[in-house]
Amino acid sequence: MVKKDPKTYDVIVVGSGASGGWVAKILCEKGAHVLMLEAGPPRIPERDFTEHLWPYRLRFRGFGDTKTFLEKQPVQRLCDACDEYTHHFFVDDTEHPYTSDPDKPFMWIRGRQVGGKSLLWGRVSYRYSNFEFQAAARDGYGENWPITYRDMEPYYDMIESYIGVSGSREGLPQFPDGKFLPPMRLSCGEVYARDIIARQFGWRLTPDRSANLTTPLNGRPACHYCEQCHRGCFTASYFNSPAVTLPDAARTGRFTLVSDAVVSHLVMDDRGKASGVVFLDRNTHAERQARSRVVVLAASALESTRILMNSRSRRFPDGVGASSGTLGHYLMDHFTLESASGIIPSLKSSRRQPVGRPMGFIIPKYTNADPRFPDKRFLRGYYLAGDSRQQLYEHAFAMRGFGRELREKIRQEIPYMFTIYAQGEPLPRYDNYVALDPDVKDAWGIPVLRFHASYGENEFAMAKGMREKLGEIVDALKLENRSPLPERLSVFGKNIHEAGTARMGSDPKKSVVNRFNQVHDAPNVFVTDGACFVTQGCYEPTLTIMALSARAADYIASEYLRQHG
Amino acid sequence: MIPDEFTRRGWIRRLGGAAALNRISATGLAAASPEKLPPGLYEPSLQHLAHSLKTASAPSPELPSSHHFGAENFSLLKTLVALILGEEAATPVVLEVATWIDLMVGHSEEVRIAARGLSPAHRRLAVDYYGEDTVRELESEDPETMCRDGLAGLKRAAFDALQGTEQVAHLTSLENANDPFIAWIKRRTLDGFYTSRQGLQELDYKGNAFYAQSPGCEHDSGNK
């Protein structure tokens, strides 16, 4: 028997990450009563954060319990951030299966907990411009977003000002400047590369734009540069929803958070509106129902789409939002060529330099964005990014000898590495899609997603261009001991920027949600995460997800809830 | 001399500096009453300083007393680690590193079985991610056999009876012959040592610290 919560909330928000955090904050502050349902458990800093833990405190000294990884997290372990310090922030793959075409693997990295992946994210924060929002108008491929940079700019301003984004102003139209905190500093290797790349390529190498505080902000202290953000940050010096947006919602007294609540589907009434959601207790598997006037899905792009697809009824036989035939389609994730690297000979040293900067550098997109840098072999473009620093002890493996003499050599001859990769824009394609798997269910009996995703000709053509450019750069920098230039594109999904599958548009026949993230077929259901993306650009999506979420929440509060009583 | 990063006093000085720079105080933070937040939400907290101090200065975890290798082989393993590092065999860090290698070897069969037990979909994903060679290596790498064979070879050569310099010469000859056992044990010893407190100190590692401003190039005016 389903246990029903007698209360009807103004809004149920599904998911507590970057998107859900902003929706809850804005709605609660505007007077709405919000119930947030989070599939995972709460993370308690004193218990779960591993910031400042030294490797010699760990059983496997940071190299990880490979057996357990293989058995419990055969997918998650592939993520760089999933290690002996942090594996508990990632899902158990045996409880959270998914399927894919046998010859087209998809790498789906998930973090189910209060805060979702915002506890783990890379913190890279770039604005999209009309190169993204109006990409189709420029090159004729696909659809434009039904919004422009002008619609988004005030929300970008508001989000950046509140969460704190460090960065430098560059004045590039394809890389809009924002309300930045002071930038972090480039390393010596990056300064070396910056000057050569500016001279020989006419491109700017700048410190990454990152949601780490370089000055105190809103009661949060500045970053102390321990470079362990993904282990949980006690000082909340980078943006994550549990320490930044959700406490604001909680302080209003109108916010209810239920963790360990695995949402299965929407409950739809005869008029085609959602009356609430059904969820299962993660621990007991007991089924419960919660009611609201509005439901916001902010569970991450693919989880939100999965909930829509699983919300089947006589009125919505293929799920909610499926009438256009685009639900589940136009799945995107960035692809990378990673990475080209080598040693900068002139920076070899016996003096150890401080490390701890939680980001690297970026060379923004120039190809096909700046008229001086066209490449007609492909549509759209890519950026280049990386990091340059001293090696810790990896150089020891190439050294012969034993004993104190070897150790002295390791200590004295510190190489300076330069590493660079390229990240490209995938084209949104109808034939990259997810659907419910008819046979496989997760640990709570909810049908899982089946992925049908592969790269197309444009991605391969762009990868060729990227590879050439990486080669030109390592040549120009005169790097030694170079790694071979990368040949293969990253596995689909590897970048954890999955987007699309419930795209935004003005035409209900071609899209799932409208310009305010409102589902065309079900006006009191909103999808605010990356599922709504129409194009992805080559830049990280989270800042745009937050801006869209804030914009949708504003709309829900000022238009929808007001008009609908 | 222990570098500042590893001393309680050093931590306090650094943390005090960071707190002053950031213009926050424990008093101000205490007023925020984080107890009122639902579980999973949190306030920025200087409590982590205590946590950091604890992990930096606490005694090293107790090493397991039983070893995967038998006593004789473990003793020889310690001798090898000591020679690779240029330490006496009785030095605590030698025992620490040898114990860790023993643990890795002891787990290796389970790792191999788990790797071979990957579903076809997960194996295919791993191949696409790492490449076929890396996945095969995970499925087939058998450091236990390699170590037993390698240690047996050393025993046959009466390695234990050699003088220290002769032992190093023997290891050098094996390294020059690209002996896989010596390469493996040396790599693991370096991994173990440079993840130890002593090894990190020796490298003068300047991470996992508190800095008032972003580390970066000191010689670039554009960086100021």
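Note on naming: letters A, B, ... go to the chains in the order of the sequence lines (proteins, then strands), and numbering restarts at 1 for each one.
- With a 6.0 Å cutoff to the six-membered ring centre and a 45° limit on the axis angle, A/Lys494 does not count as a cation-pi contact of B/Tyr129.
- If you measure heavy-atom distances from B/Gln167 to chain A, you find no contacts under 4.5 Å at all.
- Proximity to chain A is limited to the side chain of B/Leu138, based on heavy atoms less than 4.5 angstrom apart.
- A ring-centre distance under 6.0 Å is found for A/His52 and B/Phe210.
- If you look at B/Tyr211 and A/Tyr225, their ring centroids are not closer than 6.0 Å.
- A/Arg351 CZ to B/Lys206 NZ: the interatomic distance, rounded to the nearest 0.5 Å, is 7.5 Å.
- For B/Leu103, the part lying near chain A is the side chain, with the backbone staying farther off; criterion is any non-hydrogen pair under 4.5 Å.
- Contacts between B/Leu118 and chain A at a heavy-atom distance below 4.5 Å involve the side chain alone, from C-beta outward.
- Among the candidates B/Val111, B/Leu171, B/Thr189, B/Leu85, the residue making the largest number of heavy-atom pairs closer than 4.5 Å to chain A is B/Leu85.
- Interface remark: B/Leu80 contributes no atoms to any contact with chain A (heavy atom separation under 4.5 Å).
- Residue B/Phe193 touches chain A through its side chain alone, counting heavy-atom pairs closer than 4.5 Å.
- Both the backbone and the side chain of B/Ala115 come within contact range of chain A, with heavy atoms under 4.5 Å apart.
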